[in-house]
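These notes concern the structure reproduced below.
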Amino acid sequence: MSSEPISEPDPTGLVIYVGQDRAGHWLVQDSRRTLEGRFISYAAAMGYAQAERGIYHASVEIAELPLTPLVSFAPVGRDERALPRAA
């Protein structure tokens with residue numbers, strides 16, 4: 001997919017995955033499911049993953065299967081009481 005380096009496995013066992021969800025959004029998630037980032041491109045996602053790798057002493061892997069977002073992309077429901085009424 002890219003010639004960017006992928007880090008070696010880390011003894012702590014934490015893995016940061018770069019991949020897409022079923023809708024094609026680029027995601028970065030960790031194996032503990034405590035970190036998630038959403039990006040507009042593979043390059044942006046990989047750059048973030050590599051930076052976080054150093055902070056968390058983790059390895060980075062490309063996800064083989066689609067990732068499931070931890071936070072929904074669905075629009076937030078509107079509270080009709082907050083909408084202005086037509087005169």
Side-chain angles (χ1 to χ4, degrees):
M1 196 168 189
S2 173
S3 60
E4 293 187 45
I6 303 300
S7 57
E8 294 298 317
D10 187 75
T12 64
L14 183 64
V15 179
I16 296 175
Y17 294 101
V18 176
Q20 291 179 290
D21 64 7
R22 294 192 186 281
H25 304 109
W26 284 102
L27 299 175
V28 172
Q29 295 178 340
D30 72 337
S31 56
R32 295 182 187 144
R33 299 183 60 82
T34 58
L35 168 81
E36 179 171 79
R38 301 175 186 180
F39 301 89
I40 61 170
S41 68
Y42 170 81
M46 184 55 74
Y48 176 76
Q50 291 291 350
E52 295 297 299
R53 177 192 61 79
I55 294 169
Y56 292 103
H57 307 288
S59 60
V60 174
E61 295 183 16
I62 304 300
E64 294 182 22
L65 299 173
L67 296 173
T68 301
L70 301 174
V71 179
S72 174
F73 279 89
V76 175
R78 295 176 128 183
D79 182 356
E80 292 187 23
R81 294 174 293 171
L83 297 176
R85 294 183 176 239

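What you are looking at is a predicted structure, and each value in this text was computed from that prediction instead of being measured.
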Is a side-chain donor or acceptor of Asp21 paired with a backbone partner of Pro69 at a separation under 3.5 angstrom? no
Result for side chain to side chain contact (heavy atoms under 4.5 Å, CB included) between Val18 and one of Leu67, Leu27, Val28 points to Val28
More than 12 heavy atoms of other residues, nucleotides or ligands under 6.0 Å from CD1 of Ile40: yes or no? no
Within residues 37-48 or reaching into it, pairs that qualify as salt bridge (charged side-chain N to carboxylate O under 4.0 Å, His left out) - sequence neighbours excluded: Glu36-Arg38
List for me each residue that meets side chain to side chain contact (heavy atoms under 4.5 Å, CB included) alongside Ala74, sequence neighbours excluded, and say none if there are none. Ser72
Output all residues satisfying side chain to side chain contact (heavy atoms under 4.5 Å, CB included) with Arg33, sequence neighbours left out; order by chain, then residue number. Gln29, Leu70
Nearest non-hydrogen partners of [X] and [Y], listed with the distance:
X     : Y     : result
Ser31 : Gly13 : OG-O, 3.8 Å
Val60 : Ala49 : CG2-O, 3.7 Å
Arg53 : Ala58 : CG-O, 2.6 Å

Could you pull out all residues at least two apart from Tyr48 that satisfy ring-ring contact (aromatic ring centres under 6.0 Å, His included)? Phe39
Side-chain heavy-atom pair [X], [Y] within 4.5 angstrom cut-off:
X     : Y     : answer
Glu52 : Leu35 : yes
Leu14 : His57 : no
Met46 : Ile62 : yes

Set of residues satisfying side chain to side chain donor-acceptor pair (under 3.5 Å) with respect to Thr68, sequence neighbours excluded: none
